[in-house]
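The structure appears right after this line, and notes come after that.
Because the structure is a prediction, the values reported are computed rather than measured.
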Amino acid sequence: MAQHQSYDVVIVGGAIMGSSAAWFLTQEPDFDGRVLVVERDPTYENCSTSHTNSCIRQQFSTEINVRISQFGADYVQNLRSHMGGDPDVPNLKIQNFGYLYLADDPAFAKALRASHKVQVAAGAGTRLLNRDQLAAAFPFYQLDDILLASHNTVDEGYFDGSTMFDHWRKGAKAKGVEFIADEVVKMDLSQGGTRVTRVHLKSGATVCCGQVVNATGPRAARTARMAGISVPIEPRKRFTWVFEAARPLDRPLPLTIDPSGVHVRQEGTQYYMAGGHADHDPAVEPDDFAMDHAIWEDKIWPALANRIPQFEAIKVRHEWVGHYAWNVFDQNAILGPHPEVSNFLFLNGFSGHGLQQSPAMGRGTAEMLVHGAYRTLDLSPFHYGRIVRGAPFVEKAVI
Ligand SMILES: Cc1cc2nc3c(=O)[nH]c(=O)nc-3n(C[C@H](O)[C@H](O)[C@H](O)COP(=O)(O)OP(=O)(O)OC[C@H]3O[C@@H](n4cnc5c(N)ncnc54)[C@H](O)[C@@H]3O)c2cc1C
């Protein structure tokens, strides 16, 4: 139960994004307001954060997303100093196997070249590889159809996002942020509908709010509807398989993005991890976690065995279903205050890259809540206004 009847900031959803925003609010010297995080499932069993593959990359098509991941990479690797030097907080390693995009048609090869320019200009270590260079570096790929690849081993790979999440939650609580187990079910608006004045909780309690942050992942559209707002975000199913190979590869496997849409990477020393989705990819209910075994048999395994013939003999050890919060408008994040309901802030639409974006997005949200403006990275290209204007801000590199 909330300790107070009124809070300066109510954050709806306490997983990685809600916890990041809460933590960064505690780091704002000009802010001493009350913060409440309302989380419907404090076990976090069903949220996207618990189903993540927990990787970070610099290979995006837009400069701002490269910059966001650069900050993310610095943040995780220097977590302790970013979190105030607490000796209990570890620095996290990035397991730099890199992402490797494969292009099998001229249009995608052109897109990789264009993204490469953006990334290199921003200081990323991306390299383009032709078929011969690729064959020399990774002899296990079947490359008959491949025209070009893009690879980067600097700040690209797996990191332990759940440790960062735990420390943000713990740190925010220690600095006075209240986390409660409850569900926001309704919002009251001011006369004229320009502000959310109060949130109603499933327990029956109500809480007045100065500002509200929507950090509800795949449920973002439901939450926005409570404030009379529509946001183009849908829960989409994404499948993950961890498998063992009868004949393991002789070197670490980069996170390979096959032209089929299937991706696969090294998982520890012994296993591999593959991911993908069905060709028919509708919006689903946010509590639908049913596994579709046919996808593995009909799509994923054939694609893996085609690209890496050594993967003809593999055994699935573990599998799960998670949800992307999928922005159907332009596949990019939606951030900042709503233009009319001005104290309702979005922190939504992160598809498959929210974990790595959580340091920059939480920091930016805290800046916007406290100062009404960004102080570090300018995240205004992600604002909702682009949806109103019908002007997509497309991120092409969405996996
Ligand atoms: C299979 C898969 C692989 C991924 N791989 C990567 C990766 O390699 N790298 C990467 O950077 N990202 C990856 N992601 C994306 C990343 O995991 C997500 O973008 C991120 O976890 C989103 O965090 P979130 O806090 O916005 O949402 P969530 O983690 O879904 O949290 C939302 C929270 O809000 C709560 N909530 C919802 N409605 C209410 C309400 N009304 N009241 C109270 N609480 C509510 C929920 O219970 C939940 O805890 C992956 C995602 C998936 C599914």
Q) For T216 and T223, what are the C-alpha separation, side-chain angles and deciding distance, and is it a side-chain hydrogen bond (donor to acceptor under 3.5 Å, both in side chains)? A) CA-CA 7 Å; T216 55; T223 308; 2.8 Å; yes
Q | side-chain hydrogen bond (donor to acceptor under 3.5 Å, both in side chains) evaluation trace for S69 with Q356 | A | CA-CA 6 Å; S69 275; Q356 64 199 274; 3.0 Å; yes
Q) Yes or no on salt bridge (Lys or Arg N to Asp or Glu O under 4.0 Å) for R222 and E285, after CA distance, side-chain angles and deciding distance? A) CA-CA 11 Å; R222 291 182 179 208; E285 289 300 313; 2.8 Å; yes
Q: Decide yes or no on side-chain contact (heavy atoms from CB on, under 4.5 Å) for I68 and L377, but give the supporting numbers first.
A: CA-CA 8 Å; I68 285 168; L377 280 178; 3.9 Å; yes
(Q) Is there a ring pair (Phe, Tyr, Trp, His ring centres under 6.0 Å) between Y384 and F382? Walk through the geometry before answering. (A) CA-CA 7 Å; Y384 187 90; F382 297 109; over 10 Å; no
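Residues that satisfy the salt bridge (charged side-chain N to carboxylate O under 4.0 Å, His left out) test with D279, not counting sequence neighbours, are K299.
Neither I11 nor I334 shares a network with the other; the hydrophobic side chains, linked directly or stepwise wherever heavy atoms of I, L, V, M, F, W or Y lie under 4.5 Å apart, form separate groups for each. Taking hydrophobic clusters as Ile, Leu, Val, Met, Phe, Trp and Tyr residues chained together by side-chain heavy-atom distances below 4.5 Å, L143 does not share a cluster with L147. One hydrophobic cluster holds both M361 and F393 under the rule that ILVMFWY side chains link at heavy-atom gaps under 4.5 Å.
When ring centroids are compared, F97 and Y158 stay outside the 6.0 Å threshold. Aromatic rings from Y101 and H116 are positioned such that their centres are separated by 6.0 Å or more. With ring centers used as reference points, Y324 lies 6.0 Å or more from H277.
The closest side-chain donor-acceptor pair between R363 and T376 falls under 3.5 angstrom. Looking at D160 and T163, their side chains do bring a donor and an acceptor atom within 3.5 Å of each other. A donor atom on one side chain and an acceptor atom on the other are not found under 3.5 Å apart for E267 and N53. In this model, no donor atom of one side chain and acceptor atom of the other lie less than 3.5 Å apart for N152 and Q58.
Of the residues listed (I399, T126, T256), the one engaging Y99 in a side-chain contact (heavy atoms from CB on, under 4.5 Å) is I399, and it is the only one.
E28 has its side chain within reach of E367: a pair of non-hydrogen atoms, C-beta onward, lies under 4.5 Å apart. Taking the side chain as every heavy atom from C-beta outward, V398 and W326 approach each other to under 4.5 Å. Side-chain contact between H323 and H51: absent, with no pair of heavy atoms (C-beta onward) separated by less than 4.5 Å.
Within a 6.0 Å radius of CZ in R127, no more than 12 heavy atoms belonging to other residues, nucleotides or ligands are found.
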Identify each donor-acceptor pair in which a side-chain atom of residues 167-177 lies under 3.5 Å from a protein atom, sequence neighbours left out, and give them as a table.
residue: W168; atom: NE1; partner: Y75; partner atom: OH; Å: 3.0
residue: R169; atom: NH1; partner: D166; partner atom: OD1; Å: 3.3

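The list of side-chain hydrogen bond (donor to acceptor under 3.5 Å, both in side chains) pairs with a residue in residues 334-346, not counting sequence neighbours, is empty.
Taking the ring axis of F60 as reference, the NZ or CZ atom of R57 stays within 45° of it and closer than 6.0 Å to the ring centre.
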